[in-house]
Amino acid sequence: MKKYLLYRDTSPKRASINYEKELNEEQIKVVTHKEGPVLVIAGAGSGKTRVVTYRVAYLLENGIQPQNILLLTFTNKAASEMLHRVEHLLKMDTRYVWGGTFHHIGNMILRSHAELVGLKKGFTILDNEDAKDLIEIVLKEMGLSGREIRFPKGAILREIFSYAINTMGGIEGAIIERYPYFYHLKDEIEAVYEKYSRKKLEINAVDFDDLLHYWYRILAENEDLRKYYAKRFSYILVDEYQDTNKIQAEIIDLIGMINRNVMVVGDDAQSIYSFRGADFRNVFDFPKRYTDCTIYKLETNYRSTPEILNFANESISHNKKQFHKNLKSVKPHGPSPVVTALRDVIQQAEFVAQRILELRDEGVPLNQIAVLYRAHYHSMEIQMELTRRDIPFEIRSGLKFFEQAHIKDVISFLRVFVNEKDEISWKRLLKIFPKVGKRTAEQIFERIQATTNPIDLFTQKKIGESFKRLSKDTIDTWSSLFAELKELKEKEAPADMINTVVGRVYGDYMRYNYPDYESRLDDLIQLANFASKYHSVEDFLSELSLMSGASGEEIIHPGVTDERVILSTIHQAKGLEWKVVFVVWCAEGRFPNSKSMDEDGIEEERRLFYVAATRAMDELYICYPMVYYEKHFGYVILKPSRFITELDTSVYEEWDVSESN
DNA sequence: ATTCGGAAAATTTTT
DNA sequence: TTTTCCGAAT
């Protein structure tokens, strides 16, 4: 056979980027920084992404090998976008740059050293729901569930564990800080954690936090590997540093310790992930940990009009804890931000919808308009009103494409072929079949656990012998389905596996169980389509679990931006911008959320408000309903958010909305 | 003893 | 809209 060698071009093409022309003075300093640690305080809209992108390009242009650069970002999308821009600048292949979220990079590293922490190749990544389910299994085994016993549920325990790992403060620390009312259960909770950790190893699975935890441990406990990775990554760039947590900061310190070329970029005013253990003090402490670091500030805002920036600056000035910044706008003047009180949620939705239509008539494309809110369910009435008026929109919040039940059901069939011990997936898949509920699934799984080759239990119909109540039909289906899947797995054909599951069993299941059968079937067709890009079931699965891109639309047609209004939580709007932004539900108790009323909580909510406001380029509308109907209480009067009332009235304009009949 | 459907309750934010 | 709880049906 003839060998054909493909040469990849990994050297920059264009002779030189004209940095002076494309960047401002502040930015150039950062981009062309030579050696040593750097902290970049980058205000909202100050071209942070641009700076990171050009920095990577600059390094490559100066002969740094792509495999020696590590780019850590908040979402995988951000990383791939930045690398694409670098590719465009230099006309070179950036595939060898290590870029992605902490979790993504952690996964890659853990895949090469799985055995070091007691895992085997092909381990499963549990998402939050899977982790919760597994914790509940543990609870049951320990006799801590059931009606007679009051004990925190899996979802809450998962949060405690997660917080403990991410802040490295142990279970006790997490309980004291976030769940003091469970302090008396500390010992039991710790025992559950121990058992849960062991269980994960047994079934060869990790949760999101393990990807960081094990990564950290691999570095901390193995001098050789620590040196290897610290040498390998000669330049480390961390985006959104204000939203990193303790363990992430520690990881950076470890892999950066030899070359010390760590550049972190962030804005303390935009730290909004403390519930995930993010600590914006990482930004303050960076100069203490790297005493020789250079600090740069990017204070020129290219995004928003002076009016919007003024509004945002005035708002964030009410926060005590922050780095001093002096953000200046360079854009021409525009309209003042608008604050408007609406009668109720219905009127709020009508106002937003009507204004959107007017904006469209004025020539603003729909995809340049966003409606932002604090919590996903705040979008309900807006969705209804937009639908009623035939305004196309895209929702970026709520259940992610891959978190939907039908997606996870089908995926669980593939997962057991990669990891035969995957208890969560086995139980999930078994329950799809008639007469198999919780109990039967448990019993069948016990059989699976006791065999070396579980798939054969099904193909050889051994299950039927011990579970007589199951119909012959089910047993036969299993036999042929699993045989077929096994063959496809050997061919590494994830897409065909999906189609087989849907065609053989799941299509029917959906028809009988879901009223929206057709749209779910559509999702699965898209899923198979997406899977066809992969030639390894394992890669497909692990990438799937870490996929942050929200909607199916975004995953199936990346880069295709239809003319649609964006509906998003503020959290998910981070890093994005639109010409016109509506912020709805700005009422006390909603935003700020009533669950975040202590001092730190309020400051974080205010940062969130700041993030929302600074997403807008030209126009900003702040709305709140005055009354709200609640089932039990009837009409409730809402007060405008303190984030509005505390503002100097000169920074906004008030609109009085009335109805014409 | 289990499954499964239906009613009632609850809903911050995410890799 | 989804999750959880409860009781009827098997």
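Not measured: the values here are computed from a predicted model. Each chain gets a letter, A, B and so on, in the order its sequence line appears, and its residues count up from 1.
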- Of the candidates dT2(B), dT4(C), dT15(B), the side chain of R469(A) sits closest to dT2(B)
- Message: Using whole Å, what does the distance between atom P of nucleotide dG6(B) and atom CG of N513(A) come to?
- Response: 11 Å
- Task: Starting at atom CZ of F402(A), determine the distance to atom P of dT14(B), rounded to an integer number of angstrom.
- Result: 17 Å
- Side chains of R590(A) and S641(A): is there a donor and an acceptor less than 3.5 Å apart? no
- Tell me: CG of D209(A) to P of dT15(B), nearest whole Å? 13 Å
- Nearest-nucleotide check on DNA chain B, K595(A) vs Q443(A); residue mapping nearer the 5' end is Q443(A)
- Mind pulling the stems DNA chain B is in, i.e. runs of at least three Watson-Crick or G-U pairs, everything under 3.5 Å? B:1-10 with C:1-10
- Task: Would you mind telling me which of dT13(B), dT3(B), dT11(B) lies closest to the side-chain atoms of Y377(A)?
- Result: dT11(B)
- Of M380(A) and K153(A), the one whose closest nucleotide on DNA chain C sits nearer the 5' end is M380(A)
- Polar side-chain contact D127(A)-dT15(B) base: donor and acceptor under 3.5 Å: no
- Message: With ring pair (Phe, Tyr, Trp, His ring centres under 6.0 Å) as the criterion, how do Y514(A) and Y517(A) come out once you've worked through the C-alpha distance, each side chain's angles and the decisive distance to 0.1 Å?
- Response: CA-CA 5 Å; Y514(A) 298 123; Y517(A) 158 75; 9.2 Å; no
- Message: How many whole angstroms separate atom CD of E240(A) from atom P of dT13(B)?
- Response: 19 Å
- Query: Angle class for the F102(A)/W215(A) ring planes (parallel below 30°, perpendicular above 60°, tilted otherwise)?
  - Reply: tilted
- Item | dT4(C) and dT13(B), which share atom name C1', separated by this distance in whole Å | 23 Å
- Message: Under 5.5 Å centre to centre and under 30° between planes: does that hold for Y273(A) and the six-membered base ring of dT13(B)?
- Response: no
- Query: How about Y196(A) and D207(A): does a side-chain donor come under 3.5 Å of a side-chain acceptor?
  - Reply: yes
- Query: Which of these nucleotides, dT15(B), dT13(B), dT3(B), is closest to any side-chain atom of T440(A)?
  - Reply: dT3(B)
- Separation of dT4(C) C1' from E136(A) CD (nearest whole Å): 10 Å
- Message: Looking at dT14(B), I'd like to know if its phosphate oxygens (OP1 or OP2) sit under 4.0 Å from a side-chain N or O belonging to T569(A).
- Response: yes
- Query: Considering only dT15(B), dT13(B), dT4(C), which nucleotide approaches the side chain of R276(A) most closely?
  - Reply: dT15(B)
- Which part of the nucleic acid, if any, lies within contact of H104(A), taking any heavy atom under 4.0 Å across all strands shown: a base, the sugar-phosphate backbone alone, or nothing? nothing
- Nearest-Å distance for atom pair NZ/P, residues K468(A) and dA1(B): 22 Å
- Message: Can you confirm whether the side chains of Q348(A) and Y624(A) place a donor and an acceptor under 3.5 Å from each other?
- Response: no
- Below 4.0 angstrom, N of the basic side chain to O of the carboxylate: do K48(A) and E240(A) qualify? yes
- Task: Salt-bridge test for R642(A) and E588(A): reply yes if a basic N is under 4.0 Å from a carboxylate O, no otherwise.
- Result: yes
- Take the angle between the ring planes of F275(A) and Y273(A) and call it parallel below 30°, perpendicular above 60°, tilted in between. tilted
- Query: Atom CD of E604(A) to atom P of dT14(B): distance rounded to whole Å?
  - Reply: 13 Å
- Note on the structure: To the nearest angstrom, the NZ-C1' distance between K438(A) and dT3(C) comes to 14 Å
